[in-house]
Every structure is written in structure tokens, then in C-alpha cells.
Number of protein chains: 2
Amino acid sequence: MSPSDSDLVEDLLRDERIDAANAEALARLHASDPVVVDVLPARDAIPGYRPNLVLTSGAPMPWEEYHGGQRDALIGGALFEGLAATREEAIEGFASGGIEVGSCHDYGAVGSLAGIYTASMPVFVVTNRAHGNIGFCNFYEGKDPRRLNYGCYDEGVHARLLHVNDVLAPVIGEAIRREGGVPLKPLMAKALRMGDELHSRNAAASLLFTRELLPAMLAMASEGHGDVIDTAIHVADNDYFFLRLSMAAAKASADTMIGVERSTIVTAMGFSCRGFSIRVAGLGADWFSGPAPITEGRLFPGHTEDEITWMGGESPITETIGLGGFAQACAFSLQNYQGGSSEVMMERNLAMYSITASENPDYLIPVFDFRGTPTGIDIRRVLQTGVLPVMDVGLAGRDGGQIGAGIIRAPRECFELAAAGHVARYG
Amino acid sequence: MSPSDSDLVEDLLRDERIDAANAEALARLHASDPVVVDVLPARDAIPGYRPNLVLTSGAPMPWEEYHGGQRDALIGGALFEGLAATREEAIEGFASGGIEVGSCHDYGAVGSLAGIYTASMPVFVVTNRAHGNIGFCNFYEGKDPRRLNYGCYDEGVHARLLHVNDVLAPVIGEAIRREGGVPLKPLMAKALRMGDELHSRNAAASLLFTRELLPAMLAMASEGHGDVIDTAIHVADNDYFFLRLSMAAAKASADTMIGVERSTIVTAMGFSCRGFSIRVAGLGADWFSGPAPITEGRLFPGHTEDEITWMGGESPITETIGLGGFAQACAFSLQNYQGGSSEVMMERNLAMYSITASENPDYLIPVFDFRGTPTGIDIRRVLQTGVLPVMDVGLAGRDGGQIGAGIIRAPRECFELAAAGHVARYG
């Protein structure tokens, strides 16, 4: 039986048990209440984290499969953490298993681009108060296009990562604890009314988050805390700062759907250097993988299409819960960043209603008269309509660093394999 | 010769000297560079301000003409300033001339709603760095619907106004001075990409302004300045805070057009309890007045249309420079506040291009693919097309206080009288 066979898809679409399961999965998603409660090093925050573990984006793979920028990023992570003194030593360590590679999602985390985590790196701890589960994401490195998560590692990258570890994260963690945690859903809902879609644009959310920490940070300043001024300005001035909180909130929300028997709703989307993969609620922790995503990009001046390289990315967890590309009609400013007129953005956004099973009750699109964002990708509908999920992402260059931004589409193969997996499991 | 006569309008439209004058006026407007440089009491900031002077919105009128909420607001201003001990004493003072009434615009200021200024009230000092002129606006009183600018005066209003005078304004002024002034145009341009139209919605601009003051406020906190925490939170938490800066920036920008001979571009719009008035560039400080504006409102629960009352308003200075109703397609969130679908908002906004003489080079509309806002109302085009300028405003109730928000239109009569004035002056 071919999973692309339209009879199979029709059968799945007629199955009312799946409809009921999807309703249950989406009820869990919509009830989610993600709250950032702390900032801690990965080794202290993430259950099972080992000192020699380096996490990266995408479905799990053995070390040998990683290549290009994602491999370089893993090596950079090992060097940053002091797990190896040289590049060669790092490669040897990974090959021998002395340095372990893990998949972010297996640890409740999500990775931006290459998505490198090491033991000392601080992570946002986001508790889903409605369900008790936790999502993690590490920190934005700053505006410099050379970043570890874009496959770069040098003295500048090292210094900026250390600054995050030693200066920014402790101050932000202290401010979050003083505020007793910051509920993220109301803030994200507001940011969608202020031009963000919470994937490629987080300018408003970063400011709104600054506002939440303002009382604590002013109090800390008044107590003579020296690093607070620089930190506050870093948060307020980095339009991308909030993305990591959006990702952690999305992870803590989406994970609640895992394990809802028979559900055909997507619970994660992401990619490695080897291809794009999805997870589906009724199919647990399994990944269904296809080729690299399909792209329409807009490059920074001086770069060309053939430079685009895939080194991983799990920020499409935001699209998984109805943000990013699924809310791009909130963020027309991205026209200039990722290409496309506002009309095209609205059409792209509207098309997502044809593959989703609900309209978000909290995340609303002002230009659509506050219609809820299309939320909960149903693999059946993707196969039925042929409409592929759209994502707003940054684009990495083969020499490392960000070279542009654009729209990507999940490949159809992932959904075909997932449908086949569903049939194999549930008949 | 009737000013509504279409031959007259056609003659004016054919006059190339007017086109050239309008181009000159708009070049001045677009070159404007408003920067808030200080906060000072009106008596110290505004040239010619006298201790017994109370300013209010709209074309100048003798005391006897003021009625209803605007009269109450003037009386409240006199009481707040200590110019009278009782309501009766205040009325007597105004009647005898012991207390003077003035028109905000005659002092380089603009008034929100009733627009009351007294000598001790702090004002933002906004310098137009391109032209050297200055615009002023006083402070937002806070979220309580009972406010002096909505015709209310009681102990609560008094206490909140004093808090502005004694706590908020000194801290904000100090922070502005420490930052060496804050250029407003870049911030306003950014706010338009974040869901503001800078008249009825200023949520993003208020946050962006907070961000500009953050270094200074954190430094002040670290030096033990006790009032800075409350003040910072007040600025960040009051979505309307920035309106007064938007108004002062608009005033400092629009005033540069006054006195451009023959120009038919509107330089100010505003109203009092007696009606709506406009000023036109080539006709100097003269006002051309018609009846009250035409309204389509959305009232807060529990209020009815017949409660709407006119007690003044000069915030349409924002529409005069291409913001507010002329940028409403930036701010779809106002659907819920003032009524109307996003489609209606886009249509209303687009219609304004038919009566304006330029597209703003700095204030852009993302949903229109970053087309510049329609800027510079040409009285000739208003008369030719019959399209009346649209404004986003708050609505006052006859018992004082805000009871809703909505769209108003400037009455045609103002433009007919201005055209007649133009013919009388220039032939």
C-alpha cells in the first residue's frame, strides 16, 4: 500500500477515531500555559544531561552522518566546553564516543539552526503550568552573523558565548526568579498584535519581555548589580532575543500532544544536515524523515543561492503550534527580510488553514479580523491537499554564518512516511 | 463666488503656483527631525506663558463660548493650578479676565481632548532639528477614565495630576537629558511596523521610548533615585504614554509649513466644544471652522451614542502629518477598540491618498508593501473628491470621562471656507 495513495488518505480522513484523537491533542495544546521560571546551565536544568554531551538539531544520527556546518558546529561546541583542546581531538572524541552527540528533542530542548548545547550553556526553563512538563532552549548569541549555531567557531564566537554564560544569563535568571516567572502566552499573544510572528520576527516580544523584567532589573540596579545595565539593553536591543523563549514555549506546548493514540497531528518539525523530519502525536518519539526542505529565500547582499546550506534547525517548533509561517500575516515587516509582498504573505498564511485541524484560541491574526492562527498540522490534510507547511527561517551559508532569510516548506515525503507509520501501527 | 463651486476648485487645481508651494511645504514637513530634548513646566518651557493662563483645545474663543465638558475642564485647570479656591471663584476669574483662556496652538502646543495646560504642568519640549522650531505637549494622566482632559476634576484627578508634576515628569525629564534627547522620527517609523498608528494606538512606541530611556533609568536606579522604578513602569505599562510625544513631534513638524505662500496644505486640525477647525499653510494662523466632526464610534459597554460630547481635541495634528487615521492600516488591533474590520480600515486608509499631496518618505505602511502614508491634506482635493479626512480619536461622554473610541471626519465646511480664504487672499 503506497502512503501517497489517495484511497489511504481518504480512509484516514474518514476515521472518526482520528478526529476525536486530534481534538484531544489540540485541547492539550490549547490549554498549555508556558511560563519561564528560571535560567540554569544545561547540566543542572536538563534531566540526564552528561558533561560530555553535545546536543544538536534534527532526528538523532550517529556522529559519522554529520557533515558541513553542522559537523563544524558540533566540533565548536566540544571546543567551547573544553571537551577537546583541538579540532582533531574533538573529532577523535566524537568518533570514539568519548564525546557524545545527542538530539535536542530527546532532552526536552529545541535547537536554533545547528542547535548546539553543551553542559555549561544556560537554558531557559519553561514550565507548562497546565500539564507540568518542561521545555528548554538556550540563548541567542547576539547580532554578529558569525555564531556557533550558524556553524562558526573562533575567538569572537567563544567570547560571545562566554559573555552569555557569565554575564547575561545570570542576570536574566535572577530577574526571572525575582518576578516569580513570566507567563509567556499572554506576552506572545500581544506580540502577534505588534508585528511579530514569533519565529523570524520577535522585536515586539523582546521588548515586552524586557518590560516584564523591568521592575526586577531596576531593583537589581539600585542594589548595585553591575551587569544589569548591559544585560537589560542587550535584551531590549536584540530583536531576536525572544525567539529562544518562543521556541521553549512552543516545545513545552507541543510536547503535551505526544502519545495521544491515533492522533495525526504533527508535534515537531526540524531538520539536520541530512534532511527534514517530523513527529506525529499518535506515533510517539518516532521521526519521519525526508530530504532537505524546499526553499524560497532572500539573501543578504553579496551572497548567492548556491551558498545556502542546511546545518540543522528546530525553530519550526513555532510553526508546529501555529506561529511563524502560520502567523506570518501578523508580520508584514518580514517582506523586506525574507521576501514576498504582503498579499503573498496573506495567501501563504491562509493556505495553512487547509492543512490544520483548529484555529488557535489565543494566537490571533489582526489582519484576518482576529481569526485564530491555523494550528495543528494534520498529516492527512497535507497529503489530501498537497499544501506543504510553510516556515519562516534564517538561511545559513556554506562557509558558516547567516547569509539570508526565507520561507521553507516541509517535504511531502515526511508526511507520506508518517501516514504509512500510522497505518502500520493502527491499521 | 461660492467656495463649493466646482469651477473654483478646478481653477485652484490648475494653478501650478499652488503645486509648487505645496511641494515646498511638504519638503519642509518631510525634512523635519523632531527630537524630545527636555521636560519642563509650561511656565518655563513655553514662551510668553503667564501664571494665570489656562490653555485649551481648538480655535481661540472668548470664555463665554465654552460650555459642557470643555468649560468644566477649564475650571478644573484653574482649580488645579490654585488660581481659584472654588468653582465659583474660577468662573468669576475667567469672566473677569483675572484668569486667562488661551488656545494651545497659539503657544506651540497641542491639546489632547479638552487639552488643558496650566503653568505648573510639565510639557515635553520637542525641537525640530531641521528647522529649529519647537513643539510642546503635556503629559498623559494615566489609565483612569476620569481625567482632566476628559472634563473631569475631583480629588483623584488632582492627585494623579500632582503625581505627574512631582514624580513622573522630573524622572522622565532627567532621563531624557541624560540621553541627550531622543530622536522621535526613527522611533515612530519603527512603531508603525509594530502595530501603532501613533494616534489611538501607541503601545509599541511607548515601549520603544522606554527602551531609549533604559540606560539612563537604570543608571539613575543604581544611583539610588527612588522614583525611577515606578516611573519606568508607568511609561512602559501605559500604552497611551507616547501619544503626547507623537503629538508634540507632529506639531513641531507641521508648523514648518505655516506661511508657505499659496500652499493649500492643511497644517493643523482640531476642535473645541463649538466645532471643528483647520489651518492651511498659505493662510498663516487663521482658522477655518465648521460644525462638530462627523463620527462613527464604538462605545465602551454601558454607554450610548447620545452621551457623546465634544469638549475639544487637537490630537488630529497626527493625521495632519500622515499618522493616525492616515496610517490606520498599520494598526489592525484598533478594530476591537474603535470598530471596523481590517478591510474597512484598509479602504479608509487608501481613500486618504486621494486627498493628500505626497506619500511619506519615513512613515510607511507594511500591509501596503511599505507604501508611504498619505501625507499632506490638500484642501483642493478634499473639495474635488468629497473625501473627508479621517481621524482616530477617543470619545468623551457628557458626564466627563472617556466612553469609547472611533473614527471622526472633518466637516466639508472647513475646507470650503479655507478655499474661499485662499481666493480672497491670492485671487
Side-chain angles (χ1 to χ4, degrees), chain A residues 189-196 201 203-239 329-337 340-346 364-371, chain B residues 189-196 201 203-239 329-337 340-346 364-371:
Chain A
K190 196 174 286 189
L192 294 180
R193 297 197 293 273
M194 296 173 73
D196 286 358
R201 190 167 164 96
S206 299
L207 276 179
L208 289 165
F209 188 68
T210 308
R211 174 167 92 176
E212 292 301 317
L213 299 189
L214 204 52
M217 292 199 294
L218 286 162
M220 288 163 71
S222 76
E223 293 162 19
H225 199 304
D227 291 331
V228 75
I229 297 183
D230 279 356
T231 304
I233 293 162
H234 171 88
V235 178
D237 265 357
N238 277 280
D239 288 352
C330 295
F332 295 120
S333 286
L334 289 176
Q335 282 169 83
N336 282 355
Y337 179 62
S341 67
S342 62
E343 196 182 336
V344 166
M345 294 180 80
M346 283 190 272
L364 312 177
I365 302 178
V367 76
F368 295 159
D369 296 343
F370 293 102
R371 186 176 181 184
Chain B
K190 196 174 286 189
L192 294 180
R193 296 197 294 272
M194 297 174 71
D196 285 357
R201 189 166 165 97
S206 299
L207 276 179
L208 290 165
F209 188 67
T210 308
R211 175 166 91 176
E212 293 300 319
L213 299 189
L214 204 53
M217 292 199 293
L218 287 161
M220 288 163 71
S222 74
E223 294 162 20
H225 199 304
D227 291 332
V228 75
I229 296 183
D230 278 357
T231 303
I233 292 162
H234 170 88
V235 178
D237 265 358
N238 277 280
D239 288 352
C330 294
F332 294 121
S333 286
L334 289 176
Q335 282 168 84
N336 282 354
Y337 179 62
S341 67
S342 61
E343 195 181 337
V344 166
M345 293 179 82
M346 284 191 272
L364 312 177
I365 302 178
V367 77
F368 295 159
D369 296 343
F370 293 103
R371 186 176 181 184

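Chain identifiers are assigned alphabetically (A, B, ...) following the order of the sequence lines, protein sequences preceding nucleic acid strands; residue numbering begins at 1 within each chain.
The part of Leu214(B) that comes within reach of chain A is its side chain, from C-beta onward, which places non-hydrogen atoms under 4.5 angstrom from that chain. Proximity to chain A is limited to the side chain of Met346(B), based on heavy atoms less than 4.5 angstrom apart. Using a 4.5 Å cut-off between heavy atoms, Leu364(B) does not touch chain A at all. With a 4.5 angstrom heavy-atom cutoff, Asp230(A) does not touch chain B via any of its atoms. Residue contact with chain A, scored on non-hydrogen atoms closer than 4.5 Å, involves the backbone and the side chain of Ser333(B) alike. If you measure heavy-atom distances from Asp196(B) to chain A, you find no contacts under 4.5 Å at all.
Interatomic distance, Lys190(B) NZ to Leu207(A) CG, rounded to the nearest 0.5 Å: 8.5 Å. Note that OG of Ser342(B) is 12.0 Å distant from CZ of Arg371(A), once rounded to the nearest 0.5 Å. The line from CD of Gln335(B) to CZ of Arg193(A) is 11.5 Å long, rounded to the nearest 0.5 Å.
In this structure, Ala221(B) and Leu218(A) approach most closely via the heavy-atom pair CB-O, 3.7 Å.
Comparing Val228(A), Ile365(A), Ile233(A) by how many heavy-atom pairs each has under 4.5 Å with chain B, the most go to Ile233(A).
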